[in-house]
Amino acid sequence: MLRELPKAYEPGAIESRWAEYWIKEKLFSVPTPPPGETRPVFTLLLPPPNVTGRLHMGHMLNQTQMDIIVRWHRMRGFITLWLPGTDHAGIATQMMVEKQLEREGKKRKDLGREKFIERVWEWKNEYGGAILDQMKRLGASVDWDREYFTMDENLSHAVREVFVRLYEEGLVYRGNYIVNWCPWHETAISDLEVKHEEVQGKLWEIRYPVVGSNEFITVATTRPETMLGDTAIAVNAKDERYTHLHGKKVLLPLMNREIPIITDELAQPEFGTGAVKVTPAHDPNDFEAGKRHNLPQINVMDERAHMNANAGPYAGLDRFEARKRVLHDLREQGFLVGEKDYTLAIGKCDRCGTIIEPRLSEQWFVKIQPLADRAKEAVQSGEITIVPDNYRQIYLNWMNNIHDWCVSRQLWWGHRIPAWTCANPNCKEVIVAREAPAKCPKCGGKVEQVSDVLDTWFSSGLLPFTTLGWPEKTRDQEVFYPTTLLITAYEILFFWVARMIMFGSHFMQGHHQDAAIKKASGWTDKKNDSVPFRQVYIHSLVRDAERQKMSKTKGNVVDPLDVIERFGTDATRFTLAAMAAPGTDIAFNESRTDGYRAFANKIWNAARFMFMNVDRIGFVWDGFPDPVVPGQGPDGTAEGGCPHTGIAGFTSVKLEDRWILSRFNRVAADVNDALETYRFHEAANRIYDFFWGEFCDWYIELIKPRLNFEEGGDKSVAQTACANLVSLFDAALRLLHPVMPFITEEIWQALWEGKAPSKSIALAAYPQADEKQFDLAAETDMAILQDLIVSVRNLRAELKIEPKLKLPIEVFVHEPEIARLIEQNRGAVERLATVEKITFVQNSLAKLPGVRGTARFDVHVIYERKIDVSAECERLKKELEKIEKGIIGAQKQLGNPQFLAKAPMNVVENLRRQEQELGILKEKALDKMRELACP
RNA sequence: GGGCGGUUAGCUCAGCUGGUUAGAGCGCCUGCCUUACAAGCAGGAGGUCGCAGGUUCGAAUCCUGCACUGCCCA
């Protein structure tokens with residue numbers, strides 16, 4: 001029995017036990033629903049972590065939020081599919097294995113492509129997917145039977161199909177362009193993979209001699225080494241300083257090549273000297289200018305950014321060494337005429353930090369505009385909603401400024417581009433095909449597959465439909481596509497989310513979700529079923545306690561597993577949920593987690609109390625309706641399922657019963673509302689306040705005498721009280737389960753003693769509010785009693801009364817029904833306020849010392865010891881100030897005819913009542929101050 | 001350079017579409033091992049909501065400017 005267990009909750013063993021149980025029992029596996037299925041469906045794709053990944057706080061936040069939403073839907077009767085998998089992560093994984101090889105003194109080229117890829121697979125099978133094991137520790141309720149890997153054969157097949165179709169539609173092209181090149185990885189990368197950084201650099205001024213004159217033309221550059229590849233000097237046509245030089249040539253220093261002076265917008269008169277060098281092979285703007293003027297493109301570097309043969313005497317040098325040498329030589333020969341400090345933005349490789357080299361090379365591109373137009377439309381029309389809303393505009397802005405997407409990577413690990421080139425140097429035909437062609441269709445020559453692989457995001461962008469069997473038309477797609485929701489980090493809004501929308505809108509055009517399921521799921525107002533998801537929720541960034549972004553280099557990374565180890569998974573999950581207000585970053589603070597560990601302990605001990613009473617009273621937990629309600633609609637009221645509202649098996653006998661029932665229904669309503677709009681923090685805080693502040697602090701305290709039947713009481717009273725306690729606990733556990741799955745499962749299973757109506761609380765029904773169980777009168781009455789009890793406690797503390805000493809009190813009430821209320825709950829007041837006897841008096845007690853009061857009552861603790869007059873005066877003074885401030889504010893508004901005319905009725909009424917009550921309090925305070933002769 | 005946030009108690013944060021005397025956790029102070037829980041219970045102190053204007057009957061909340069700060073994009 002639980003009560004035999006330690007007083008303190010120890011999460012470790014309990015959590016791993018249930019995590020294993022859930023997986024072993026396949027509780028979250030979802031078979032394909034057959035045609036005719038009418039239940040609502042909820043589908044969520046796990047953003048696939050890199051196969052090389054290790055769990056960090058961002059993942060944990062993401063997964064906690066997903067798991068909360070998923071468990072919540074499942075408990076409300078949705079067919080709930082959460083689809084997990086991992087990403088092959090081209091660059092990251094390849095690097096991992098290259099490092100491994102390095103330790104063996106080898107390079108990937110030593111192995112050759114085939115052997116190398118074998119090694120990567122070996123690595124993947126041995127170490128890959130560690131992050132999924134870590135996920136299990138978090139309790140993520142995913143369908144492990146459907147786990148995928150982006151390089152699985154079926155997914156790779158889909159990737160080839162997509163590429164070929166795009167090519168056939170003219171949306172894929174190949175060409176020589178300037179791309180972001182990482183010399184360390186020796187591959188092209190996309191714009192998104194480049195991070196810009198401001199650095200202190202220099203601006204050098206170099207003068208070029210004008211051919212056939214003694215004149216020089218001076219240009220400024222931050223990258224002097226590229227001058228070796230200059231093919232022109234540009235000046236602005238409007239710039240009169242250079243008009244006389246139009247059509248002339250300059251002699252390129254060091255290389256002794258003649259290059260033309262051209263006029264182009266590239267040169268802006270106000271910048272530097274107004275003349276710029278043009279290096280089409282090494283700068284994107286120069287590249288464009290070069291095309292406008294038909295300039296030659298001279299590439300002076302190789303793929304490692306070492307100078308090549310085109311760099312003449314500098315060939316073989318690293319680019320930074322070359323810069324030094326070029327500058328040295330220019331200076332020596334008198335061409336270097338200036339050097340200034342200059343702040344410039346440089347691009348670095350997102351993964352290795354190497355400075356990006358704009359490089360002219362042959363790459364494959366996706367023509368983005370047609371895809372982007374539809375993707376923009378999907379969001380603009382509201383077919384996809386993005387939460388928080390401000391990301392919608394960010395998304396649209398990005399879509400409006402989108403560039404073609406370079407999808408080829410010069411790597412080995414990844415989906416190889418399904419394109420072949422004819423080896424015949426006179427033919428060089430390019431063939432894009434689903435299967436390898438036997439020979440060149442044009443000349444019959446031998447063909448070779450293009451060695452490039454695809455950007456990893458190319459394949460992950462397809463996942464919403466490829467994981468559901470595309471390009472086949474499957475039942476899974478009818479049921480689960482579009483997926484319902486995507487929860488992800490802002491960082492990958494463009495990398496991934498935008499691409500999924502583009503690909504989904506394109507390739508799933510004409511798709512229709514099963515009509516019955518769509519209706520049951522509440523999406524009838526959506527017209528477009530080609531979108532990959534109906535909603536996107538962008539989660540916060542988890543920072544450290546000092547609001548710094550966590551990073552390895554700063555060494556401020558908080559390891560979630562470490563936090564879990566110390567505080568438990570439930571407490572960690574609760575922390576993230578409670579701090580996850582939409583649109584705000586989270587400064588992760590351990591003290592909060594420590595607080596939620598205490599919360600888990602509180603629940604644990606409340607459970608121990610419950611079990612103690614169940615055993616003592618001999619209460620048998622039966623006769624309750626089966627709480628598992630499959631087939632329930634999103635609002636808990638769909639046809640076929642019984643609406644599981646309120647608390648079944650709860651009998652209101654006394655005020656506290658009516659009160660807690662009402663409060664429970666309110667918290668259930670609030671939590672469901674909050675989760676509907678992803679206000680995780682609100683849901684978590686509401687449950688916390690209810691469980692601790694209302695259920696434990698008041699309800700349990702109030703029913704203790706009824707549970708304690710031995711003192712000559714009626715056992716049926718105890719039985720009923722115990723039934724209430726148990727059924728309320730059961731409902732509260734279900735309410736909390738999505739946030740704290742482990743402790744709730746542990747207690748819930750114990751509560752049902754092996755006779756639970758389902759294998760897990762995760763499959764039990766989620767509490768829904770029953771408005772009929774709201775009881776305003778009970779809440780108002782209870783508030784008065786709480787005020788009375790707190791007032792007495794307050795006075796006792798003030799009077800420094802020994803805690804155990806029971807004292808008589810006198811009460812004056814303004815209305816007779818309050819007296820009746822107190823009379824009916826006399827026992828509760830006496831016990832919770834340590835009162836010996838309550839006497840009602842006919843006259844106000846306000847003037848007496850040792851009195852507290854509200855607008856409804858005064859209470860006096862009878863005790864010979866005098867209160868500390870100066871302290872009491874001080875307190876009264878503060879109280880009076882506050883009251884007066886309130887009164888002045890209220891009167892100012894009530895005296896304003898505009899307010900009375902324009903403010904809503906209830907606001908005016910509330911303010912009137914408030915003014916009245918404050919008036920009473922003011923009189924009472926003043927009376928007492930006079931009586932005490934306060935200064 | 002362009003865009004988007006943030007600034008509320010000692011600390012970390014809530015405060016939704018403007019409407020009672022601005023809340024929580026941690027920390028702090030006082031008193032309690034009251035038979036579920038000292039990871040607890042009871043009580044308490046602590047904020048002119050970054051600054052300056054404006055809109056409104058009414059502003060922490062909406063608008064403008066400024067200061068500081070963070071992020072994204074070029």
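First the proteins, then the strands, lettered A, B, ... as listed; each starts at 1.
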Write out a two-atom table: protein N or O, nucleotide N or O from nucleotides 17-24 of chain B, distance below 3.5 Å.
unit_1: B:G19; atom_1: N2; unit_2: A:Gln893; atom_2: OE1; d: 2.9
unit_1: B:U20; atom_1: O3'; unit_2: A:Gln914; atom_2: OE1; d: 2.9
unit_1: B:U20; atom_1: O3'; unit_2: A:Gln914; atom_2: NE2; d: 2.7
unit_1: B:U20; atom_1: O2'; unit_2: A:Gln914; atom_2: OE1; d: 3.1
unit_1: B:U20; atom_1: O2'; unit_2: A:Gln914; atom_2: NE2; d: 3.1
unit_1: B:U21; atom_1: OP1; unit_2: A:Gln914; atom_2: NE2; d: 2.3

Verdict with reasoning, A:Thr677 to A:Arg679, per side chain to side chain donor-acceptor pair (under 3.5 Å): CA-CA 6 Å; A:Thr677 45; A:Arg679 295 179 339 254; 2.5 Å; yes
Inter-nucleotide P distance (B:G6, B:U61), Å rounded: 12 Å
Residues A:Val859, A:Phe857; criterion side chain to side chain contact (heavy atoms under 4.5 Å, CB included); working and verdict: CA-CA 7 Å; A:Val859 58; A:Phe857 63 80; 4.1 Å; yes
B:A24 and B:A45, which share atom name P, separated by this distance in whole Å: 12 Å
Dot-bracket notation for RNA chain B, counting Watson-Crick and G-U pairs under 3.5 Å, with | for partners on another strand: (((((((..((((.....[...)))).(((((.......))))).....(((((..]....)))))))))))).
Side chain to side chain contact (heavy atoms under 4.5 Å, CB included) partners for A:Pro904, two or more places apart: A:Asn906, A:Val907
5' priority, RNA chain B, between A:Ala578 and A:Val194 [closest heavy atom]: A:Ala578
Atom-pair distance (CD1 on A:Ile747; P on B:C37), nearest Å: 15 Å
Over all atoms of both residues, closest heavy-atom pair of A:Trp405 and A:Ile368: CB-CD1, 3.9 Å
Spacing of A:Arg608 atom CZ relative to B:U35 atom P, expressed in whole Å: 13 Å
Length of the line joining A:Met579:CE and B:G25:P, which is rounded to integer Å: 14 Å
Between B:A36 (P) and A:Phe729 (CZ): distance, integer Å: 14 Å
Euclidean distance for P, B:U35 against B:A42 (whole angstrom): 15 Å
Audit row: A:Met399, A:Val379, side chain to side chain contact (heavy atoms under 4.5 Å, CB included) steps and yes/no: CA-CA 11 Å; A:Met399 277 294 174; A:Val379 170; over 6 Å; no
Distance in Å, A:Thr854 OG1 paired with A:Ile784 CD1, rounded so as to fall on 0.5 Å steps: 7.5 Å
Spacing of A:Glu590 atom CD relative to B:C11 atom C1', expressed in whole Å: 14 Å
Contact under 4.0 Å: A:Lys7 side-chain N or O vs B:C33 OP1/OP2: no
Using a cutoff of under 3.5 Å, can you pull out all pairs of nitrogen or oxygen atoms linking the protein to nucleotides 39-43 of chain B, with atom names and distances?
unit_1: B:A39; atom_1: O2'; unit_2: A:Asn601; atom_2: ND2; d: 3.0
unit_1: B:A39; atom_1: N1; unit_2: A:Tyr9; atom_2: O; d: 3.4
unit_1: B:G40; atom_1: O3'; unit_2: A:Lys602; atom_2: NZ; d: 3.2
unit_1: B:C41; atom_1: OP1; unit_2: A:Lys602; atom_2: NZ; d: 2.9
unit_1: B:C41; atom_1: OP1; unit_2: A:Trp692; atom_2: NE1; d: 2.6

Separation of the C1' atoms in B:A9 and B:G47, to the nearest angstrom: 5 Å
CD1 on A:Ile356 to CD1 on A:Ile346, rounded to 0.5 Å: 10.0 Å
Whether A:Phe599 and A:Phe691 hold their rings parallel, tilted or perpendicular, with breakpoints at 30° and 60°: perpendicular
N-O pairing of A:Glu802 and A:Arg796 below 4.0 Å: no
Rounded distance in Å - CD1 (A:Ile394) to P (B:G5): 7 Å
Atom-pair distance (NE2 on A:His403; C1' on B:C73), nearest Å: 10 Å
A:Val726 vs A:Val614, side chain to side chain contact (heavy atoms under 4.5 Å, CB included): CA-CA, chis, key distance, verdict: CA-CA 8 Å; A:Val726 170; A:Val614 165; 3.7 Å; yes
Atom P, compared across B:A22 and B:U48: separation rounded to whole Å: 12 Å
For A:Tyr678, ring-ring contact (aromatic ring centres under 6.0 Å, His included) partners two or more places apart: A:Tyr537
Any A:Lys704 side-chain N or O less than 4.0 Å from OP1/OP2 of B:U34: no
Heavy-atom neighbours of A:Gln916 CD exceed 12 at 6.0 Å: no
Touch class at under 4.0 angstrom, heavy-atom based, for A:Glu701 against every strand present: base
Nearest-angstrom distance, P atom, B:C62 to B:U7: 10 Å
For atom CZ of A:Phe611 and atom C1' of B:C37, their distance in whole Å: 15 Å
Nucleotide nearest A:His681 when distance is taken to its side chain, options B:A45, B:A36, B:A14: B:A14
By side-chain hydrogen bond (donor to acceptor under 3.5 Å, both in side chains) - contacts of A:Glu701 (at least two apart): A:Lys704
Euclidean distance for C1', B:C33 against B:G27 (whole angstrom): 23 Å
Pairwise P distance, B:A38 and B:C26 [rounded to whole Å]: 16 Å
